[in-house]
Protein chains: 2
Amino acid sequence: MKLTRRQQDIYDILRDNLDHFDQPPTYDELCQLLGLSSRGSLHKHIQALTQAGLLEPMEGLHRGIRLVESVEAEEGIPFLGRIAAGRPIEAISQAALMKVPDEMLTGKSCYVLQVTGDSMIDEGIFDGDYVVIEQRDSADNGDIVVALVNNEEATLKKIVQQPDKVILYPANASMAAMVYKPGEIQIQGVLRGLLRCYL
Amino acid sequence: MKLTRRQQDIYDILRDNLDHFDQPPTYDELCQLLGLSSRGSLHKHIQALTQAGLLEPMEGLHRGIRLVESVEAEEGIPFLGRIAAGRPIEAISQAALMKVPDEMLTGKSCYVLQVTGDSMIDEGIFDGDYVVIEQRDSADNGDIVVALVNNEEATLKKIVQQPDKVILYPANASMAAMVYKPGEIQIQGVLRGLLRCYL
DNA sequence: TAGAATAGAGAACAACCGGAGAACAAATCA
DNA sequence: TGATTTGTTCTCCGGTTGTTCTCTATTCTA
């Protein structure tokens, strides 16, 4: 169902309010947020959203505006942000969904990051490529993982774990491997797929 | 149905706008983008695109210009087979569909091939990777294309076309470029995306 | 060269969108 | 219970936006 601009505004505000308050707003409160002076005008939009299946029908109840729970999710897995060696993952403001081949999905929770930098270039992972990551807290030796170093820097590297140390290998002849103590490294996910767009 | 030049312009702009805004443009906004001063002129083109099945019919709705989402974007595009330099495309027995990110689709007809061999390794295209190809019979210099050589061998190479010759460059330091006469090379498609599965 | 196809300008029209405000009824609160 | 808040319904309005015309210019083709 297609929403008009104002309907979209109102839906966004309602969705936003969900996180901030435990009670739905009254019409008057919503009108104030929207800069309206007439409840009647708002009501028409609320009705349209209900018609569209985005709001539960509210039969006269006060504070009865409620979002429909299972708005059928679009297909795809979330694109979370960028990962660059030596920095935290840079989250993107608006969560977008990205369709990926089923072959890359493992049934576990997965997400997409965009790679910044050339540290994995010898593995054919270039600056600007997208990687599909399976959320996990452990990995096998030789896996390419998203690792959190000292709870602050996120990086994409090939990992080798030994009883007394953890080594992160970049795939770039001009960069050196880094050695850490096991406690300093936290695995956040394992590389499952690569996506690259040409112009 | 074949689009006129202006119709193609408009379609491209609409497709481009999809990524930048969450609401379709109004006629006036589109006119401004196109340098038109009359909504009536635009309307004729919109109608033609609707007729061609590329736009949803908009029954008087404001901001009602909406692209018809192709089945391909929902279900995936066909995986046709393997391509190895020096051999015809090896078709797969049963056609499978593969979901790919919308960003790789151009609205034109696309398909997926699996790459065999290392001839494009310096471009980060490895043996076993999947490539998304847009079906076309022409390309710009520097594009990576699926080219049919002498009507029998298919190959994935970077192309440079000159009036008197066509050069196919592999992206592998240990391989040499090949030079052909224009008539010997037939372009079958242009590289739009790359997919790689890890384990 | 005539005709068709493409492309645009501009005017007039109708529908849609968003809003105001009054009156009413139901829910909630004191 | 009575008063107040809150949701509902209704009519009305104006600007925006899509639609339909007619008219003109340019390009391509038979």
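Values in this document were obtained by computation on a predicted structure and should not be read as measured data. Chain letters run A, B, ... following the sequence lines, proteins first and then strands; every chain starts at 1.
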Undergrad: If you look at every strand shown and take non-hydrogen atoms under 4.0 Å, does A:Arg39 touch a base, only sugar-phosphate, or nothing?
TA: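 Base contact.
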Undergrad: What's A:Gly40 touching, base or sugar-phosphate or nothing? Going by heavy atoms closer than 4.0 Å.
TA: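 A:Gly40: base contact, heavy atoms under 4.0 Å.
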Undergrad: Send over the distance from B:Leu34 CG to C:dA9 C1', rounded to a whole Å.
TA: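 Atom-to-atom, B:Leu34 to C:dA9, this comes out as 15 Å.
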Undergrad: Could you give me the CA-CA distance, side-chain angles and deciding distance for B:Asp143 and B:Lys158, then say whether salt bridge (Lys or Arg N to Asp or Glu O under 4.0 Å) is met?
TA: CA-CA 6 Å; B:Asp143 282 353; B:Lys158 185 174 288 195; over 6 Å; no
Undergrad: From CG of A:Leu30 over to C1' of C:dG19, roughly how many Å is that when rounded to an integer?
TA: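 That distance rounds to 15 Å.
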Undergrad: Classify A:Leu61 by what it touches in the nucleic acid, base, sugar-phosphate, or nothing, heavy-atom distance under 4.0 Å.
TA: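 If one applies the 4.0 Å heavy-atom cut-off, A:Leu61 turns out to touch the sugar-phosphate alone, with no base involved.
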Undergrad: OP1 or OP2 of D:dT16 less than 4.0 angstrom from a side-chain nitrogen or oxygen of B:Tyr27, does that happen here?
TA: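 Checking D:dT16 against B:Tyr27, no side-chain N or O comes under 4.0 Å of OP1 or OP2.
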Undergrad: Does C:dA15 have OP1 or OP2 under 4.0 Å away from a side-chain N or O of B:His62?
TA: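 Result: no.
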Undergrad: To the nearest angstrom, how far is A:Met58 atom CE from D:dT8 atom C1'?
TA: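 From A:Met58 CE to D:dT8 C1': 9 Å.
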Undergrad: Do any side-chain nitrogens or oxygens of A:Thr26 fall under 4.0 Å of OP1 or OP2 in D:dT5?
TA: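 Checking D:dT5 against A:Thr26, no side-chain N or O comes under 4.0 Å of OP1 or OP2.
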Undergrad: Any side-chain N or O of B:Ser37 under 4.0 Å from OP1/OP2 of C:dG8?
TA: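 No, outside the criterion.
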Undergrad: On the nucleotide D:dT9, are OP1 or OP2 found under 4.0 Å from the side-chain N or O atoms that A:Gln47 carries?
TA: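 For D:dT9, OP1 or OP2 has a side-chain N or O of A:Gln47 closer than 4.0 Å.
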Undergrad: Has the side chain of B:Glu29 got a donor or acceptor atom that lies under 3.5 Å from a matching backbone atom of B:Thr26?
TA: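 A pair under 3.5 Å: yes.
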Undergrad: Grab the CG-C1' distance between B:Asp28 and C:dC16 for me, whole Å please.
TA: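 Taking CG of B:Asp28 and C1' of C:dC16, I get 15 Å after rounding.
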Undergrad: Kindly say whether, by distance alone, the side chain of B:Ser38 makes a donor-acceptor pair under 3.5 Å with the base of C:dG8?
TA: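 No, no donor-acceptor pair under 3.5 Å.
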Undergrad: So, does B:Asp129 use its side chain to make a donor-acceptor pair with the main chain of B:Val115 at under 3.5 Å?
TA: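 Side chain of B:Asp129 to backbone of B:Val115: no pair is present.
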Undergrad: Shortest non-hydrogen contact from B:Ile77 to B:Cys110?
TA: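 B:Ile77 and B:Cys110 have their closest heavy atoms at CB-O, 3.8 Å.
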Undergrad: Atom CG of B:Asp9 to atom P of C:dT6: distance rounded to whole Å?
TA: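 In whole Å, C:dT6 P lies 14 Å from B:Asp9 CG.
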Undergrad: Kindly say whether, by distance alone, the side chain of B:Ser41 makes a donor-acceptor pair under 3.5 Å with the base of C:dA7?
TA: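 Not at all, since no donor on one side and acceptor on the other fall under 3.5 Å apart.
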Undergrad: Of all the choices, C:dA7, C:dG18, C:dA9, which nucleotide is nearest to the side chain of B:His45 once you look at every atom?
TA: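 From the listed options, C:dA7 comes nearest.
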Undergrad: Between C:dG21 atom P and A:Leu42 atom CG, what is the distance in whole Å?
TA: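 Checked: the CG to P distance equals 15 Å.
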Undergrad: Does the side chain of A:Ser174 pick up a donor-acceptor pair with the side chain of A:Asn172 at under 3.5 Å?
TA: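 Result is yes, a qualifying pair exists.
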Undergrad: On DNA chain C, nearest-nucleotide positions of A:Glu59 versus B:Glu59: which is more 5'?
TA: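 Closest to the 5' end, via its nearest nucleotide, is B:Glu59.
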Undergrad: Please determine if A:Arg196 forms a cation-pi arrangement with A:Tyr130, meaning its NZ or CZ atom is less than 6.0 Å from the six-membered ring centre and no more than 45° off the ring axis.
TA: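 No, cation not above the ring by the 6.0 Å, 45° rule.
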Undergrad: Specify the separation, in whole Å, of atom NE2 of A:His43 and atom C1' of D:dC12.
TA: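 Rounding to the nearest Å, NE2 of A:His43 and C1' of D:dC12 are 17 Å apart.
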Undergrad: Please give, in whole Å, the distance from C:dG8 P to B:Ile10 CD1?
TA: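 Rounding to the nearest Å, CD1 of B:Ile10 and P of C:dG8 are 7 Å apart.
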Undergrad: Looking at C:dG18, does its base get a donor-acceptor pair with the side chain of A:Arg6 below 3.5 Å?
TA: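 By the distance-only test, no, there is no pair.
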